[in-house]
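The chains referred to below are lettered A, B, ... by the order of the sequence lines, with proteins before strands, and numbering in each begins at 1.
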Amino acid sequence: MYRTHTCGELRLSNSSQEATLSGWVQRVRNLGAMTFVDLRDRYGITQLVIDDESSEELKSLVAKLGREYVIQAKGVVRERSSKNNKIPTGEVELEVKEITILNESVIPPFTIEDESDGGDEIRMKYRYLDLRRNPVRNNMILRATMAHHIRNYLNGKQFIETETPVLIKSTPEGARDFIVPSRMNQGEFYALPQSPQVFKQLLMVAGFDRYYQIVKCFRDEDLRADRQPEFTQIDCEMSFVEQDDILNTFEGLTRYLLKEMKNVEVDEFPRMPYSEAIERYGSDKPDIRFGMEFNDISETVKGNNFKVFDDAEYIGAICAEGCATYTRKQLDGLTNFVKKPQIGAKGLVYVKCNEDGSFKSSVDKFYSQEDIKKWADQCDAKAGDLILVLSGDKGHTQNALCELRLEMGNQLGLRDKNVFKPLWVVDFPLLEWDEDAKRFHAMHHPFTSPKAEDYHLLETDPGKVRANAYDLVINGVEIGGGSVRIFDSELQSTMFSLLGFTKEQAEYQFGFLMNAFKYGAPPHAGIAFGFDRLASLFAGLDSIRDVIAFPKNNSGRDVMIDSPSIIATEQLDELSLKLEVKED
RNA sequence: GGUGGCGUAGUUCAGUUGGUUAGAAUGCCGGCCUGUCACGCCGGAGGUCGCGAGUUCGAGUCUCGUCGUCACCGCCA
C-alpha cells in the first residue's frame, strides 16, 4: 500500500496514529541535527520530520532528497511543537520511521510553487510540471466541476447527451476546415467539425427532441488569447421550441452555473436587439458592467465650420465620469490609443466639464460655451466629467469608440472580474455582405431562419433581413450563440441560392440535410456555448489557455510535444499525397 | 498576410551617450546550524547577451534580416 492518507488529510485528531504518505518533495529544510521535508500531493502538504535520533541509514537517505523526488514515508503522526496556521495540516507532522524513494527527479526548470519563477514559455514546454502547481490545477478542477454541473442541469431537463462524428465532410461556408486524408478512399478527405451543426439538426429529425454534447470543435484560423484551433463547446438543440424557449432554458443554465460556481445571483438577462447594441455600445458583445453609452451628437455639432465634424457621417461621444481632471499627458495617451493602427481613429476631441460649470475643449476655436453646453446636456455630463468624441464613417467610428469606452472602463476600474453582467443580443442580421467575394454570406450559418416579418425583404433587400439568431454575452465576452433553424426544405433552398450556391452545389454539400428535411423535420432551434471561454470567465482569467490542460501557442503549435510535425514519406505514399511546400 | 512588445546565468530580470573583467535576486552545489515552514549564516559554480550580417577603433546596447514567443488587426458562418 503506497499510502494510508493523502498529504492534505492529517489533523490533530490523527495524533499518535501510524500513517504512510506518498508524494513529491516540495522542499527540504535541513537544520543540522533535524530535517523537515514538505511532502506534497494534489490534496495538500504535510511536514515530515527526521530528527537526531533517527537511524544513520534514514538520515543519509534524507540527505539525498531533492525537489520533486517521489517518495513514500512511513511514521507516526504527532502534534507539532511549533505550529503553522497557514496550512490545514499545520498542527501535525509525521515523525518518519522509514522513507522509500519511489523515483528521483532531475531539477525542474522552474519552481513548482503557487508563485512560480517560470515565465509562460518554459511553463508551456513543461506543461506537466506546471500542472502540478495549485493555481493551474485549480483551473482544471474548476473546468471539471463546471462540466459536471452542466451535465447535471441538462440531464435533469431530459436532454440526451449524444456523441457525433469527428471525421466528417468539408463545407465551404464559415471557417477553414482541418482536413484529414482518407487512406481507404484515396484522393478523398474528411474534415474535422467546426461544430456538430448538421448532426444535431439530424438528431432533431430523428426525434431526439433535446440533445446536448460537451464537444471538441476545430477551426483552422489564426489564434488569439480567447481562440484555440481546437476548443470545446456546450452544444445543444431542441425541438418544438421557439426562440424564447431556448433563451429561457440556457439563461437558466447560465444562472445555475453562476450560482453553483461563483455563488452569484443575477437578475433576468436583458435582451437587446443587435441594432441597439451597435448604437449604444458599438459592439455586438457589449460589456454592460458599466454605462458610458454612446451619444450620437452628429446633429448637435454640425454646422459650425469645423470641417472634421461637418464632413463626418457619424459623431459619437461618451462621458467619462469624474475625468475632467485628466492631464494633458493622459489625454495625449488616449489620443495615441485611438490613433493606433488597430483602432484607426484620426484623432480625439475632448471636453472637460469644469467644476465651475465652464467647459474646456480641444475645439474651443469652433464652438462657444453655449454650443458645448448642448453636447454636455445630450451626454448627461455633470461638472467634473470628461466627454470624449470620435467622428468619421459610422462603422469604423463606432468600433473605435467601443475600444475607447472599454479602455476608459479599464482605466476607471469599472470592469470588475467578480461582477457578472450577462445579456442576450437578439435579432442579428441574417446576412452579411462580403466585399471580397462580392456576395452575401450567412452571419450565423446557412441554416438560420429569417424573421417571418422580414420574409418580404429576402428578394428586395437581403441585407436588411433579420434572423432568429441570438448571442449570450457576459462582460463583453461572446459566450455563445444560436438560432432558430430553417426546417422547411423549400426555404432552405432559397437560403442557399441567396448565399450564391447553385442547386448542384447545395445538393453536393448539404443534400443529405435537405433530404432529411423531406421526412418530417420538426421545428427546432439550438445554441452552443464556448466552454473554454465560460471557464476562463469564471476563473477570472483573460486567456482560455489557462483552462486547457494542454493548449497550443499563438502559431497553433504544441511546444511540449512539438506538433505539428512532418511525417514519413511512407505515410504520405500510403495516402497518395505529394508535398509541394511553398517557398517564401 | 500585417502592426507592435519581448528574447542577457537553470529561472525571473537589470544593464547609463556605443567604451575596462556583463550584474542582482532566486534556483543549484558545498559547509555550519535542534523547531523550521519563503529557515538562517558562510562559501562556490554557473553566460554562444536567440541566430546571421552590417555600421564602428570598439556592439548586450545602433541598423537590417531571420527564428522563437506574446498581444492585437485581417481572419474566426
May I ask you to decide whether A:Glu93 forms a salt bridge with A:Arg78, counting only side-chain N to carboxylate O separations under 4.0 Å? yes

Just to be sure I understand the rule, does [X] reach a base, reach only the sugar-phosphate, or reach nothing, if contact means heavy atoms closer than 4.0 Å?
X	result
A:Met443	sugar-phosphate
A:Arg80	base
A:Ile343	nothing
A:Arg224	base
A:Leu31	base
A:Val49	nothing
A:Glu93	base
A:Glu121	sugar-phosphate
A:Ser116	nothing
A:Lys340	nothing
A:Arg78	base

When the distance from CZ of A:Phe337 to P of B:G4 is rounded to whole Å, what number comes out?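 A:Phe337 atom CZ is separated from B:G4 atom P by 17 Å.
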
Answer with yes or no whether [X] presents, from its side chain, a donor or acceptor under 3.5 Å of a partner atom in the base of [N].
X	N	result
A:Arg219	B:C76	no
A:Arg227	B:C75	yes
A:Asn553	B:G68	no

I need the A:Ser275 OG to A:Asp284 CG distance, nearest 0.5 Å.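 A:Ser275 atom OG to A:Asp284 atom CG measures 12.0 Å (nearest 0.5 Å).
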
Would you say the side chains of A:Ser449 and A:Asn468 form a donor-acceptor pair under 3.5 Å? yes

Given [options], identify the nucleotide with an atom nearest to the side chain of [X].
X	options	value
A:Ser555	B:A38, B:C76, B:U69	B:U69
A:Arg557	B:A38, B:C75, B:U69	B:U69
A:Met34	B:C28, B:U34, B:U36	B:U34
A:Ser81	B:C28, B:G35, B:U34	B:G35
A:Pro109	B:C72, B:C28, B:G10	B:G10
A:Asp117	B:A38, B:C76, B:U11	B:U11

Quantified in whole Å, what is the P atom distance between nucleotide B:A59 and nucleotide B:C49? 12 Å

Let's test this: given Watson-Crick or G-U wobble pairing with both distances under 3.5 Å, identify the partner of B:C6.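 Pairing partner, where one exists within any strand: B:G68.
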
According to the Watson-Crick and G-U wobble definitions, with both distances under 3.5 Å, which nucleotide is paired to B:G44?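 Base partner found: B:C28.
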
Determine the sole option in A:Phe428, A:Trp424, A:Tyr281 for which the ring pair (Phe, Tyr, Trp, His ring centres under 6.0 Å) test with A:Tyr274 is passed.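 Only match with A:Tyr274 under ring pair (Phe, Tyr, Trp, His ring centres under 6.0 Å): A:Phe428.
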
Around atom CZ of A:Phe189, are there more than 12 heavy atoms of other residues, nucleotides or ligands at under 6.0 Å?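 Check passes, neighbour count above 12.
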
A:Phe531/A:Phe231 aromatic ring centres below 6.0 Å: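 Judged by ring-centre distance (under 6.0 Å), A:Phe531 and A:Phe231 do not meet the cut-off.
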
Whichever of A:Gly90 and A:Arg545 has its nearest RNA chain B nucleotide further upstream toward 5':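 Taking each residue's closest nucleotide, the earlier one in sequence belongs to A:Gly90.
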
A:Asp51 or A:Asp226: which one's nearest nucleotide on RNA chain B is closer to the 5' end? A:Asp51

Quick check, does A:Phe110 stack with B:U11? I mean ring centres under 5.5 Å and planes off by under 30°.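 A:Phe110 vs B:U11: stacking no.
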
